[in-house]
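Lettering follows sequence order; numbering is per chain, from 1. Everything numeric in this text was worked out from a predicted model, so none of it was measured.
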Amino acid sequence: MARQSTRAQAPRVKEILAALRRTYPDAHCELEYSNPLELLIATILSAQCTDKRVNQVTRTLFQKYRSAADYARAPLSELEQAIRTTGFYKNKARNIQACCRALVERHGGQVPRTMEELTALEGVGRKTANVVLGNAFGLNEGIVVDTHVRRVARRLGLTRQKNPEKIEQELMQLVPRELWTQFSHWLIWHGRRRCTARKPDCEHCELRELCPSAGNATVD
DNA sequence: CTCCCGATAT
DNA sequence: ATATCAGGAG
């Protein structure tokens, strides 16, 4: 049987967007930052780690390292220890340093504002680039597809894809561009508060009547 | 596909 | 004990 076209999905998508807006009117980036560089570093640290822990680490990290040059010249072992509790700390420390050295050498110590320049940085893929573009610069260049967006979008039947880039392409066809950044926040908030990975709370879910997985959210 | 990896909820 | 957490690179 044919899967539903994006055109056939359109009315249901509008209802889902309205319900998300109604349920999470204050959804926002929960990583704490005060400039684009801090958001870039926080997002690199957020891989397979809770925002809560990232914020715990960055609160002190951002006092010690204030510019790309600060990370670029720091002893690697010192950087590793400072971020150790976020996990994957050797990769993350190496990526942050290489990334910041590239910022100093190619971008005058500033964070670039294009997808191409961002994803050319070490440790920065489309997900991290979309977080920075959308939240630090207010640019809707794409849709953040993290573990929550992937799981919730699949459970809601908005995509059947598993590859994050294919999921992003399909979601971009379904959601108006001016909502891309908010849409990511809505799905992430929903993924954390209701549609959790291990024990989704379908009984109290505000999207229950719009969700094909309600009651048996077996999709990962 | 595998590897990287500590902290926490279940 | 084990799954999961705002992924990316080889």
Beyond-backbone contact of A/Leu40 with A/Tyr33, side-chain heavy atoms, under 4.5 angstrom
no
NA contact type, A/Lys92, heavy-atom cut-off 4.0 Å: base, sugar-phosphate, or nothing?
nothing
Gap in Å between the two P atoms, one belonging to B/dC5 and one to C/dG10, rounded
14 Å
Residue pair A/Trp189, A/His148: steps toward the ring pair (Phe, Tyr, Trp, His ring centres under 6.0 Å) verdict
CA-CA 8 Å; A/Trp189 278 47; A/His148 299 297; over 10 Å; no
Going by atom types only, do A/Glu170 and A/Thr159 share a side-chain donor-acceptor pair under 3.5 Å?
yes
Let me spell it out: for each of A/Arg198 and A/Arg84, pick the nucleotide of DNA chain B with the closest heavy atom. Which residue's pick is nearer the 5' end?
A/Arg84
Output the rounded distance in Å from CZ (A/Arg53) to P (B/dG6).
12 Å
Should the pair A/Tyr71 and A/Tyr65 be assigned to parallel (<30°), tilted (30 to 60°) or perpendicular (>60°) ring geometry?
parallel
Looking only at heavy atoms, the pair that brings A/Glu168 and A/Ile143 closest together is OE2-N, 3.1 Å
Just jot down the side-chain hydrogen bond (donor to acceptor under 3.5 Å, both in side chains) partners of A/Thr181, sequence neighbours excluded, or say none.
A/Asn140
Using whole Å, what does the distance between atom C1' of nucleotide B/dG6 and atom CD of A/Gln56 come to?
12 Å
Return a single string for nucleotides 5-10 of chain C, one symbol per nucleotide in 5' to 3' order, where B is base contact, S is sugar-phosphate-only contact and - is none, cutoff 4.0 angstrom on heavy atoms.
BBBSS-
